[in-house]
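What follows is a short report on a single structure.
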Amino acid sequence: PNTQYELLRRRIYANTKEFWFYIHSNLLEIQKKAGDVAPDIVDIINQVLSLGAEHKRSLLHDITKLAEVDGYEDWRQKESQDLSDLVQERFKFLQNPEDCDTARKLVCSLNKGCGYGCQLHHVVYCFMVAYGTKRTLILKSKGWRYHKSGWEDIFMPLSDTCTSPDGETMANWPGHVETQVINLPIIDSLSPRPPYLPLAIPEDLAPRLTRLHGDPVVWWVGQILKYLLRPREKTTNLIEDAINKLGYKRPIVGVHVRRTDKVGTEAAFHGLEEYMTAVDEYYKQLSLSQKIDKKRIYLASDDPKVLLEAKTKYTDYEVICDPQISKTAAVSSRYSDTSLFGIILDIHMLSLSDFLVCTFSSQVCRVAYEIMQNYYPDASSRYKSLDDIYYYGGQNPHNMIAVYPHEPKRQAEMQIAVGDLIGVAGNHWNGFSKGRNLRTNQNGLYPSFKMKDKIEVAKFPVYSELYK
Ligand code: GDP
């Protein structure tokens, strides 16, 4: 297919959702205002909301169908596989130098003082810089807070030939091209910042990725996680055992409810009903294309109380979760050996879901979403985040390009001209997003559908020696 076709198809899908966000949230507001004074209007609005939602679902259904019958589905599958093979081969080449004694290395320590998801993102960032500087990534992980004996006990080592951080010359980032070993700090204290940081994708892959995938950088992160998280045999066995015991079946929606220390500090509280409304909507949508035997969720949370609430309140659902949830997710055992398998299992199961409902403010859910990209040519719209849009901690500004002009209708909105770059701060999921117009320096709201994403690219090495 030509790129324009794929971009348009995805754009119609995304903007159908945006259209409904706008109508739905405005009708709810009007309904609230009508409340006491005009009960007949409340009823009418309910009817409009109900049929409107059906209308929206039918549109989304048809657009999804379109991709099944346009004759490009085989191409999407193959292109996805080919691109994955291509980068995985490069990763393997980068990580297995012929002579480790002379190989140029980038050293990272796994022990960033944060949770598992945050630490994974730390390693992914290290890997991006390693790939960008063509240095073998050496991961120091002894004494890891989640597993004292280290990463290699759980996952395959990042290299078969080269895991020693030693070298003739050593320096802290940025060092020199000739410096054999360079130590990389965490992204928050990185200076100078190389061009390889998210949301940038490799320039040589950009045309193919832009055509194939709705959010190329998520694909890119997913590919790095695919390489990093190759499990040891015993890890595979543990996971498979657990899955067999869970009674896991599809269709299934992955629900991640992040509570405890996150709420009130880094994220707002969201009640379980908000998650379940999104799950319900997913199943209503799905029922247009298949018969649903049982509505199922995989529930992951750091708060075991959520499980009890789900099982008591949502009896029309089959609720599957880690049976060890109270042991592994408890704050008291957080960041320790006891909690490692729990979080590995939860992220794995969430990533295997047909759809994810969560808060993207949590790195746990973002990691699951990134890994999910490995199971579909394009899984970029298989989620509902109750708060943030996708981001990568420490990323460069996320810019969008205006494709329609906008004249503000309310104080909070801003003026936009076609071609303006907008640094997006967030989507309010009501038809509007918030951001800063880089031309006018104004901050404000704008209709989300008036933008398109600006795909950031950087000149990474192209590993041409692999194709001689
Ligand atoms: P964030 O704080 O939510 O952005 O994600 P992090 O992964 O950086 O830190 C949160 C930590 O809390 C995780 O790494 C886990 O140790 C724990 N945690 C959070 N949510 C879950 C969950 O759903 N299941 C389990 N088992 N642990 C969780």
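Whatever order the structure lists them in is the order used to number ligands and atoms, beginning at 1.
- Ion pairing between a basic and an acidic side chain is recognised when a charged N comes within 4.0 Å of a carboxylate O; D160 and K92 show no such pairing.
- Note that R366 lies outside the cation-pi zone of Y392, set by a 6.0 Å cut-off to the ring centre and a 45° limit from the axis.
- Look at D302 and K262 and you find no salt bridge, because none of the NZ, NE, NH1 or NH2 atoms lies under 4.0 Å from a carboxylate O.
- In summary, the aromatic rings of Y369 and F360 are positioned with their centroids under 6.0 Å apart.
- Ligand 1 is surrounded by G115, Y116, G117, C118, Y146, H256, R258, K262, A300, S301, D302, R334, G342, I343, D346, S361, S362, Q363, V364, each with at least one heavy atom closer than 4.0 Å.
- When only modelled atom types and interatomic distance are considered, N427 and E18 share a side-chain donor-acceptor pair under 3.5 Å.
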Side-chain atoms of residues 305-314: list all donor-acceptor pairs with protein atoms under 3.5 Å, sequence neighbours left out, distances to 0.1 Å.
unit_1: E309; atom_1: OE2; unit_2: K313; atom_2: NZ; d: 2.8
unit_1: T312; atom_1: OG1; unit_2: L308; atom_2: O; d: 2.5
unit_1: T312; atom_1: OG1; unit_2: E309; atom_2: O; d: 3.2

